[in-house]
There are 2 protein chains.
Amino acid sequence: MAEKIADKIVTEMTPGTGVKSAARPRKEMIAETKAKLIAAARRAFAHQGYAEASMDDFTAGAGLTRGALYHHFGDKKGLLMAVIMQMDAEMSDRLAAISSRAETPWQAFVDECVAFIEMSLEPEIQRIMLLDGPAVLGDPSQWPNQSACIRTTTASLQKLIDQGTIRPVDAEATARLVNGATLSAALWIANAQDPDTVSKKAVEVFLTLVSGLLVER
Amino acid sequence: MAEKIADKIVTEMTPGTGVKSAARPRKEMIAETKAKLIAAARRAFAHQGYAEASMDDFTAGAGLTRGALYHHFGDKKGLLMAVIMQMDAEMSDRLAAISSRAETPWQAFVDECVAFIEMSLEPEIQRIMLLDGPAVLGDPSQWPNQSACIRTTTASLQKLIDQGTIRPVDAEATARLVNGATLSAALWIANAQDPDTVSKKAVEVFLTLVSGLLVER
DNA sequence: GGACTTACATACGCCGCGTATGTAAGGTAA
DNA sequence: TTACCTTACATACGCGGCGTATGTAAGTCC
């Protein structure tokens, strides 16, 4: 609302009024346009799902048209990819923050996994990152950034291996399997009629499973 | 080809020629029509993916039209559901057969999991059951048959719990997490440039993880 | 054997995607 | 500053796919 009006004012006063550089306002407006499209698509994908989200609808919601979308992102899949990269970066940041607050590497790893489950319960993440993303774009491990979340988990595991807490397994492989297990747990919890009971069970089983990684339990 | 001609002959000779019952040929032809549609859809979904598969195309491939499809399955999603139920039943049978051949319950469980990974490497299963299915129809645990595969694994785990081989965890929860891990492994292996190396790593990690379930390892 | 039901095929309209084209504004060099 | 070029969009168009309404022939039941 107010934002949109402010945009128009900025748009109309751009020529000549720049303090020193003339190249910046242009770049800024492009970035803003992209950000608007990504945000609008993100909302639409989250609420209606990728297939049901009409490009005409959500571009109009952002005060733009499909022309802008095709210009910047090539096609609908390209926009989904952009949305996913943004969300993945956010998730990675959240995981890193949680991990850094833990007192031991093992606790960091467990906290990360629990946080991943919790994030996977968020409808937006579940729908876009876990359901539509893989279906439309294929295996997440093939995405450009290669899923920053996996890398975070891999790093945590490598620390645990280096300090001898867990057995010397392949860190990336472990990260993927653990991630898969947590994802499955999240889907189950999110769709359960009694999420509390189910999530308790899931966490218990999860801890039992990862105890298999420990050198001594 | 020859099949189609045979169908026509049967169709034209149906009235009156039935040995005794007049109700059977009708039911048989309906079942055949449904089976044809499911088979054609299954091929199309597997090769092009659900979204890209045109109903006109694959119904024509089955010698039918979209009219038959809507009559029997309601809509495209209904047909996908039918395809998935068929595939899930097949997978369940295969798992049960493998499980029954094992010498110990623990071996049966491990064999099942390995078999699940291997099945998940088949492009048809990966595309339809693991990627498009959840995206289009939602969480597999909410599907009508509730994923027979999960039930098979759950049963195997319950046996292990009863005989004291593994710790007394919740069998269904364990089945879900283990299934998620194997699925993730399968996706990883299938898209790896070096599947052999990757699958070895995955199996090693998998065995390490499930060792956490054992009462004594 | 005649009325009713079922199992399809045919025909139609709508919506959504992608592309080709138009246009106005910004950037650049004289 | 001005003229030219490029860029960032909007507009217009066509096509394909989905769903539905309608038609029709065959099977079923009394």
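Here is the naming used below: chain letters follow the sequence lines, and residue numbers restart at 1 for every chain.
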Polar side-chain atom of A:K76 near backbone of A:A53 as donor-acceptor pair, under 3.5 Å: yes
Exam field: side chain A:Q126 to backbone A:L187, donor-acceptor pair closer than 3.5 Å: no
Short N-O contact, B:E122 and B:R94, less than 4.0 angstrom: yes
Short side-chain donor-acceptor distance under 3.5 Å, B:S99 and B:E112: yes
Of the listed nucleotides C:dA9, C:dA7, D:dA8, the one nearest the side chain of A:H71: D:dA8
How close or far is atom [atom2] of [N] from atom [atom1] of [X], stated in whole angstroms?
{"X": "B:F58", "N": "D:dG16", "atom1": "CZ", "atom2": "P", "value": "18 Å"}
{"X": "A:M29", "N": "C:dA24", "atom1": "CE", "atom2": "P", "value": "16 Å"}
{"X": "A:L64", "N": "D:dA8", "atom1": "CG", "atom2": "P", "value": "13 Å"}
{"X": "A:E28", "N": "D:dA8", "atom1": "CD", "atom2": "P", "value": "14 Å"}

Under-4.0 Å side-chain N/O to phosphate OP1/OP2 contact, B:H72 with C:dC8: yes
Short side-chain N/O contact to D:dC9 OP1/OP2 from A:T33, under 4.0 Å: yes
Stepwise side-chain contact (heavy atoms from CB on, under 4.5 Å) test for A:E204 and B:D170: CA-CA 9 Å; A:E204 188 189 343; B:D170 185 83; 5.9 Å; no
Candidate pair A:R43 and A:E124, rule side-chain contact (heavy atoms from CB on, under 4.5 Å), full reasoning: CA-CA 8 Å; A:R43 269 195 303 270; A:E124 185 187 41; 6.0 Å; no
Find every protein N or O atom lying less than 3.5 Å from an N or O atom of nucleotides 16-19 of chain C, and list the pairs.
residue : atom : partner : partner atom : Å
C:dC17  : OP1  : A:A53   : O            : 3.2
C:dC17  : OP1  : A:K76   : NZ           : 2.9
C:dC17  : OP2  : A:M55   : N            : 3.2
C:dG18  : OP2  : A:Y70   : OH           : 2.5
C:dG18  : O5'  : A:Y70   : OH           : 3.3
C:dG18  : N7   : A:R66   : NH2          : 2.5
C:dG18  : O6   : A:R66   : NH2          : 2.4

